[in-house]
Amino acid sequence: MSNPKARPSNTQETPQWVTIRDAAEHYQCSTKTIRRWITQGLIDAQRVGPRLIRVSTASLDTLGRSLAYTA
């Protein structure tokens with residue numbers, strides 16, 4: 001008998017919160033830069049425990065801005 005609450009194994013969901021190290025790897029920058037962006041309010045983060053900080057993937061997606069090239 002299968003569990004009706006179980007998720008299908010073929011679905012890939014993007015995590016909503018990632019570690020500072022994962023965020024730094026995504027942007028190919030240092031963890032210090034990610035911490036600086038959190039302090040500046042550029043990206044959202046939450047403290048999960050006394051030492052654990054998680055960064056919002058939605059705020060990471062909206063961090064970059066498009067470049068306008070003029071010729």
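Keep in mind that what you see is a predicted model, and the values were worked out from it rather than measured. Scope of the values below: all heavy atoms of this structure, side chains included, with no hydrogens, waters or symmetry mates.
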Task: Distance in Å, T31 OG1 paired with R36 CZ, rounded so as to fall on 0.5 Å steps - done: 9.5 Å

Tell me which donor-acceptor pairs under 3.5 Å the side chains of residues 39-54 have, and how far apart each pair is, sequence neighbours excluded?
from : atom 1 : to  : atom 2 : distance (Å)
T39  : OG1    : R35 : O      : 3.0
R47  : NH1    : P50 : O      : 3.2

Task: Separation of T33 OG1 from Q28 CD (nearest 0.5 Å) - done: 12.5 Å

Open item on the list: According to ring-ring contact (aromatic ring centres under 6.0 Å, His included), does anything in residues 37-59 pair up with another residue at least two apart or in another chain? List the pairs.
Closed with: Y27-W37

Open item on the list: Could you report the tightest heavy-atom contact between I34 and C29, atom names first, then the distance?
Closed with: CD1-SG, 3.8 Å

